[in-house]
Structure formats: structure tokens, C-alpha cells
Amino acid sequence: MSNSSNSEQRTQERKKPNILITGTPGTGKTTLSQLASESTDLFHINVGELVKEKSLHQGFDHEFQSWILDDDKLVDELEETLSNGGNIVDFHSCEVFPERWFDLVLVLRTDNTILFDRLKDRGYSQKKITENIDSEIFQVILEEARESYPAEIVVELRSNTIEDMQSNVTRIEEWAHKYSCFANQNKINY
């Protein structure tokens, strides 16, 4: 099935979209997801919190201070919810999710100096900061999104300032409105 056919199939099955907001830790995924959820009728799913709350992991990695995700448990947990549509999913990775789940994939990008300060303010170890800055420099999440989803649904957004955040919320509101208006006509413009 072609990518456009997959997109049309997703649109026909859901009256409300699923949006994935992804990016390197510290790019503003959770804040943007919360704001966009408040300004649309879409439900925010913070995957990091869900993994902890529902034990969708294989334990804790002390070296990187993070949970070791159990992909199968996560996908099983989210399958029904995402099949119905109407969600904003917030996670630092995207390749674990089936392509069919999302109508729009937003990859947040942040200037490295800003990202460094945000991660330092979170109390990340130097090793974890370096790993995440390297990920941003080499566009790891953006490339992962481009390899995992059709090009027409992957959008890169700047996330350096409050103005960027406000602009991104407005873009999501406008896109979600278009989706709702045209879902049955398959005329979604990204």
C-alpha cells in the first residue's frame, strides 16, 4: 500500500487525529503537548509517565538514569486508545510506534546551547547531557521520524523560545481543525 493510501486509510478510520510530538529530551515536547491538548479536544499521553505508572519497562538503567522501555508492553497498552484517534502522544522516540497510529509527526528541534542549559537545569549528568546534545546535533530523532513515517506527515518545528512554543501551538490548533473539517474528504494539508 502506498504512503498516500496509508494516510487516506488513517483519515477514513478516525474522526480526530493522532499527533506524535517527539524530539530530543529538553526540546519542549511535554510543554507543547500540554498546551496543544488544552487548546484542542485532543487527549495528551505522556509516554514517559505512562511507562513508569503502568510498569511498561524492563527495569531501570542506572548509568543513563532512565527506564528501559518494553516496546511490546507499550504498544499493547496504547493500541486501542490510539486506534480511536483524538490523541497527542509525547515521547522522545518514535520508531517504536506503528505508522498507522499517527496522522502528524512533529519533531521539535532546539539550538544546542539552549538545550544544554535546559538539560543542566534538569540535573542531568554530564554523560546524559552529552548523549542528548549529540543526538540533537546529528538529528537522530528527525532521521528516525523520516525513516519511520511518510514524508508528508513529518514536520520539523523550532522550539527555542516562548514565541516558538506559541507559534507551534497555533499550528497544531489549525491543523487539528483542518483535520476535523476534512477528515471524510481526505484533504489534509500539512
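Looking at every heavy atom in both residues, Lys16 comes nearest to Tyr179 through C-CE2, 3.5 Å. Closest heavy-atom contact between Asn18 and Leu82: ND2-O, 2.6 Å. Closest approach of Asp103 to Pro17, counting heavy atoms only: OD2-CA, 3.3 Å. The nearest pair of heavy atoms linking Gln65 to Phe60 is C-CZ, 3.4 Å. Of all non-hydrogen atoms in Asn160 and Arg158, the two that sit nearest each other are ND2-CD, 3.7 Å. Between Leu115 and Pro25, the shortest heavy-atom contact is CD1-O, 3.2 Å.
Two different hydrophobic clusters hold Phe138 and Ile114 under the rule that ILVMFWY side chains link at heavy-atom gaps under 4.5 Å. Clustering ILVMFWY residues whenever any of their side-chain heavy atoms sit less than 4.5 angstrom apart, transitively, puts Val96 in the very cluster that holds Trp67.
For the 3.5 Å distance criterion, the side chains of Glu79 and Ser83 qualify, holding a donor opposite an acceptor. Neither side chain, Ser135 nor Glu131, offers a donor N or O lying under 3.5 Å from an acceptor on the other. Side-chain contact check for Thr40 and Glu173: no donor-acceptor pair (N or O, by modelled atom type) lies under 3.5 Å.
Looking only at side-chain heavy atoms (C-beta outward), Val107 and Val154 come within less than 4.5 Å of each other. Within the 4.5 Å cutoff, no side-chain heavy atoms of Leu69 are placed close to those of His57. In this structure, Val89 and Trp101 have side chains that are not in contact, with every pair of non-hydrogen atoms separated by 4.5 Å or more. Between Ile88 and Phe43 the shortest side-chain heavy-atom distance does not fall below 4.5 Å. The shortest distance between side-chain heavy atoms of Leu104 and Trp175 falls below 4.5 Å. With contacts defined as side-chain heavy-atom distances shorter than 4.5 Å, the pair Asp90/Leu32 does not qualify.
Remark: Gln126 CD is packed, more than 12 non-hydrogen atoms of other residues, nucleotides or ligands lying under 6.0 Å away.
Rounding to the nearest 0.5 Å gives a distance of 9.0 Å between CG of Asp164 and CG of Leu157. With rounding to the nearest 0.5 angstrom, the CG atom of Leu142 is 10.0 Å from the OG1 atom of Thr22. Rounded to the nearest 0.5 angstrom, Arg100 CZ and Arg14 CZ are separated by 9.5 Å. Atom-to-atom distance recorded for Thr130:OG1 and Phe116:CZ is 7.5 Å, nearest 0.5 angstrom. Summarising the geometry, atom CG belonging to Asp72 is positioned 13.0 Å from atom CD belonging to Glu77; distances are rounded to the nearest 0.5 Å. Between the NZ atom of Lys120 and the CD1 atom of Ile133 there is a distance of 12.0 Å, given to the nearest 0.5 Å.
Here the side chain of Lys29 pairs no donor or acceptor atom with the backbone of Ile21 at under 3.5 angstrom. No donor-acceptor pair under 3.5 Å is formed between the side chain of Ser159 and the backbone N or O of Leu108. A donor-acceptor contact shorter than 3.5 Å is absent between the side chain of Glu95 and the backbone of Glu144. Gln58 contributes no side-chain N or O that, together with a main-chain N or O of Ile68, makes up a donor-acceptor pair within less than 3.5 Å. Ser39 places a side-chain N or O within donor-acceptor distance of the main-chain N or O of Ala36, the cut-off being under 3.5 Å. Distance alone, capped at 3.5 Å, places no donor-acceptor pair between the Ser37 side chain and the Ser33 backbone. Of the possible donor and acceptor atoms, one in the side chain of Asn87 sits under 3.5 Å from a partner among the backbone N and O of Thr81.
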Test side chain to side chain contact (heavy atoms under 4.5 Å, CB included) on Tyr149 and Leu20; report intermediate values, then the result. CA-CA 11 Å; Tyr149 300 96; Leu20 173 60; 4.1 Å; yes
Applying side chain to side chain contact (heavy atoms under 4.5 Å, CB included) to Val47 and Leu74, what does each step give before you reach the verdict? CA-CA 8 Å; Val47 173; Leu74 176 62; 3.8 Å; yes
Run Ile172 and Ile19 through side chain to side chain contact (heavy atoms under 4.5 Å, CB included) and show every step you take. CA-CA 9 Å; Ile172 293 168; Ile19 300 171; 3.9 Å; yes
Test Lys52 against Glu49 for salt bridge (charged side-chain N to carboxylate O under 4.0 Å, His left out), laying out the working first. CA-CA 5 Å; Lys52 287 186 275 187; Glu49 291 298 316; 3.2 Å; yes
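Stacking of Lys127 on the aromatic ring of Phe64 is recorded, both the 6.0 Å distance cut-off and the 45° axial limit being met.
Of the residues Glu136, Arg109, His92, the one that meets the side-chain hydrogen bond (donor to acceptor under 3.5 Å, both in side chains) test with Thr24 is Glu136.
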